Amino acid sequence: MPIVDNAVYVDGVRTADPDSLDHTYEAMRERNGMAWIGLYRPGDDEIASIAAEFGLHHLAVEDAIAAHQRPKLERYGDQLFVVLRPARYIDETEKVEFGELHVFLGPDFVVTIRHAESPELGTVRKRLEETPDLLRQGTQAVLYAILDQVVDEYEPVVVGLQNDIDEIEDQLFSRDPSVSRRIYTLSREVTEFQRAAAPLVAMIESLKRGEDKYDVDIELQRNLRDVLDHCVRIAERVEAFRVNLQNALQTNATLVAQQQNDEMRAMTQVSLDQTEQTKKISSWGAILFAPSLIAAIYGMNFDYMPELKWHIGYPLALLTMLACSGVLYLVFKRQKWL
């Protein structure tokens, strides 16, 4: 069912629980009360009914139907259209899940349209119903409580992202090859979170500028100022996260380049060592080649070979072998091949 909760309040007290939108409109007019209609992924028919009853601006209605809007606050006469991007941190997957909440606000009605599981507006409604003095302030109190809930739900997200960044800093120097992908993924989440949270500062400041004009209760002003302080702190921390991740990405690139240089240096050293070994092997092969050639020639045992009957043939051959080997050894030694 698209209607999650639906009530009419009079002087801060819940007085009716209509079972349909038409009954809500009737009860609201009969009791001269404030209607708070909570919808979850409604269809076009429900939105069209509400738009017709409360005279919502057609541009705001189009945004609510299309969804996928950026956080913003727009005023149409005595009505407000607010888009919020709530977020929650999923511990199991270490991911941030973003939602979307549209709020239509008029003098005597509040319509909330959720497109995700968060924020938990049931908690907001219950808290307000338990404090009639606050709810008696009307739709402005409802908007404050919704903003407060969204900002409160940002806190666990900040903690989760901080833990992820701490883990990345540990991974950086452990040469984990998956750290680059994790930094990139986390950077996208931080950027998305910044787009959701940062605009709230300007939105709340805009609301505060209209406090005197719309006669906002002094206690409500203080509460709204407290929400603004939380928003500023969260925005500052998220900006710090973004800078940390940029530094981590640069550090990782430096470490990867250093590792590649070390690997290239090691490969070059191996190649040099192999070249030295090849020189030594080639040198000794050449040194041994000369005696082998002489021995091979004189070992052919042909009957008609000159020098074959020489008495000095054998010692001469040995001396020639030694002389050739010695000369080649000195040449290679001088060339530093040996």
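We use all heavy atoms of the structure for the numbers below, so side chains are in, but hydrogens, waters and symmetry mates are not. Keep in mind that this is a model prediction, so the values were computed, not measured.
Formation of a donor-acceptor pair under 3.5 Å by the Ser206 side chain with backbone atoms of Ala202 is not found in this model. The backbone N or O of Ser187 sits less than 3.5 Å from a side-chain atom of Thr191, completing a donor-acceptor pair. With hydrogens and angles ignored, the 3.5 Å screen pairs no side-chain donor or acceptor of Thr131 with any backbone N or O of Leu134.
Here CG of Leu105 is found 9.0 Å from CZ of Arg75. Values are rounded to the nearest 0.5 Å. Atom CG of residue Asp133 and atom CG of residue Asp11 lie 9.0 Å apart, to the nearest 0.5 angstrom. Interatomic distance, Phe81 CZ to Phe104 CZ, rounded to the nearest 0.5 Å: 4.5 Å. Put simply, CG on Leu56 and OH on Tyr76 are 10.5 Å apart, with the number rounded to the nearest 0.5 Å. Taken to the nearest 0.5 Å, the CD atom of Gln162 stands 5.5 Å off from the CD1 atom of Ile165. Rounded to the nearest 0.5 angstrom, Asp229 CG and Leu224 CG are separated by 10.0 Å.
When all heavy atoms are compared, the tightest approach of Pro156 to Tyr89 is O-CB, 4.0 Å. What you find for His57 and Gln79 is that their closest heavy atoms are N-OE1, 4.3 Å. A pairwise comparison of heavy atoms in Val124 and Ala145 identifies CG1-CB, 3.5 Å as the closest pair. What you find for Gly33 and Val10 is that their closest heavy atoms are CA-CG2, 4.0 Å. Smallest separation of non-hydrogen atoms from Arg242 and Val190: N-CG1, 3.9 Å. When every heavy atom of Ala116 is checked against every heavy atom of Gly99, the shortest pair comes out as CB-CA, 3.4 Å.
Considering Val103, Leu207, Val110 in turn, Leu207 is the only one that fulfils the side chain to side chain contact (heavy atoms under 4.5 Å, CB included) rule with Leu80. Residue Arg222 forms a side chain to side chain contact (heavy atoms under 4.5 Å, CB included) with just one option from Asp226, Leu220, Ile218, and that option is Ile218.
Inspection of the Glu129 and Tyr9 side chains reveals an N or O donor paired with an N or O acceptor under 3.5 Å. With hydrogens and angles left out, the side-chain atoms of Tyr154 and Arg233 include no donor and acceptor closer than 3.5 Å. Residues Glu153 and Gln149 bring a donor and an acceptor atom of their side chains to less than 3.5 Å of each other.
Sorted by first and then second residue, the salt bridge (Lys or Arg N to Asp or Glu O under 4.0 Å) pairs involving residues 25-44 (not counting sequence neighbours) are Arg29-Glu53.
Residues Thr139 and Leu143 form no side-chain contact, since every pair of their non-hydrogen atoms from C-beta on lies 4.5 Å or further apart. Residues Leu39 and Ile50 are in side-chain contact: their nearest non-hydrogen atoms beyond the backbone lie under 4.5 Å apart. Side-chain contact between Leu147 and Leu84 is present, with heavy atoms from C-beta onward closer than 4.5 Å. Put simply, the side chain of Thr112 does not reach to within 4.5 Å of the side chain of Val4, judged on heavy atoms. The shortest distance between side-chain heavy atoms of Val8 and Pro18 falls below 4.5 Å. Side-chain contact between Glu117 and Arg88 is present, with at least one heavy-atom pair separated by less than 4.5 Å. The side-chain heavy atoms of Thr24 and Phe109, taken from C-beta on, include no pair separated by under 4.5 Å. Proximity of Trp36 to Val111: side-chain heavy atoms (C-beta onward) are nowhere separated by under 4.5 Å.
The pair Glu167-Arg182 meets the salt-bridge criterion, with a side-chain N (NZ, NE, NH1 or NH2) lying under 4.0 Å from an Asp/Glu carboxylate O. The residues Asp63 and Arg70 are annotated as not salt-bridged, no charged nitrogen and carboxylate oxygen being separated by less than 4.0 angstrom. Using a cut-off of 4.0 Å between Lys/Arg side-chain N and Asp/Glu carboxylate O, Arg136 and Asp217 are scored as not salt-bridged. The residues Glu192 and Arg85 are annotated as salt-bridged, a charged nitrogen and a carboxylate oxygen being separated by less than 4.0 angstrom.
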query: Can you check side chain to side chain contact (heavy atoms under 4.5 Å, CB included) on Leu135 and Met34, steps first, answer last?
result: CA-CA 10 Å; Leu135 189 54; Met34 179 190 76; 4.0 Å; yes

task: Step by step, work out the side chain to side chain contact (heavy atoms under 4.5 Å, CB included) result for Glu219 and Gln137.
output: CA-CA 10 Å; Glu219 194 62 32; Gln137 301 299 325; over 6 Å; no

- prompt: Where do Ile90 and Val96 land on the side chain to side chain contact (heavy atoms under 4.5 Å, CB included) test, with the steps shown first?
  reply: CA-CA 6 Å; Ile90 311 299; Val96 180; over 6 Å; no

task: Go through the steps for Glu100 and Gln69 under the test side chain to side chain donor-acceptor pair (under 3.5 Å), then give the verdict.
output: CA-CA 8 Å; Glu100 188 169 340; Gln69 303 296 314; 5.4 Å; no

task: Begin from the C-alpha positions of Asp91 and Glu94 and carry the test side chain to side chain contact (heavy atoms under 4.5 Å, CB included) through to its verdict.
output: CA-CA 5 Å; Asp91 289 320; Glu94 294 185 338; over 6 Å; no

Worked check of ring pair (Phe, Tyr, Trp, His ring centres under 6.0 Å) between His102 and His115: CA-CA 8 Å; His102 298 172; His115 293 276; 5.0 Å; yes

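The distance between the ring centers of Phe193 and Phe241 does not fall below 6.0 angstrom.
With a 6.0 Å radius and a threshold of 12 heavy atoms from other residues, nucleotides or ligands, Arg188 has its CZ atom at or below the threshold. Around CG of Asp19, the count of heavy atoms belonging to other residues, nucleotides or ligands within 6.0 Å exceeds 12. In this structure, Lys72 places its NZ atom where more than 12 heavy-atom neighbours from other residues, nucleotides or ligands lie under 6.0 Å away.
Clustering ILVMFWY residues whenever any of their side-chain heavy atoms sit less than 4.5 angstrom apart, transitively, puts Val61 in the very cluster that holds Leu59.
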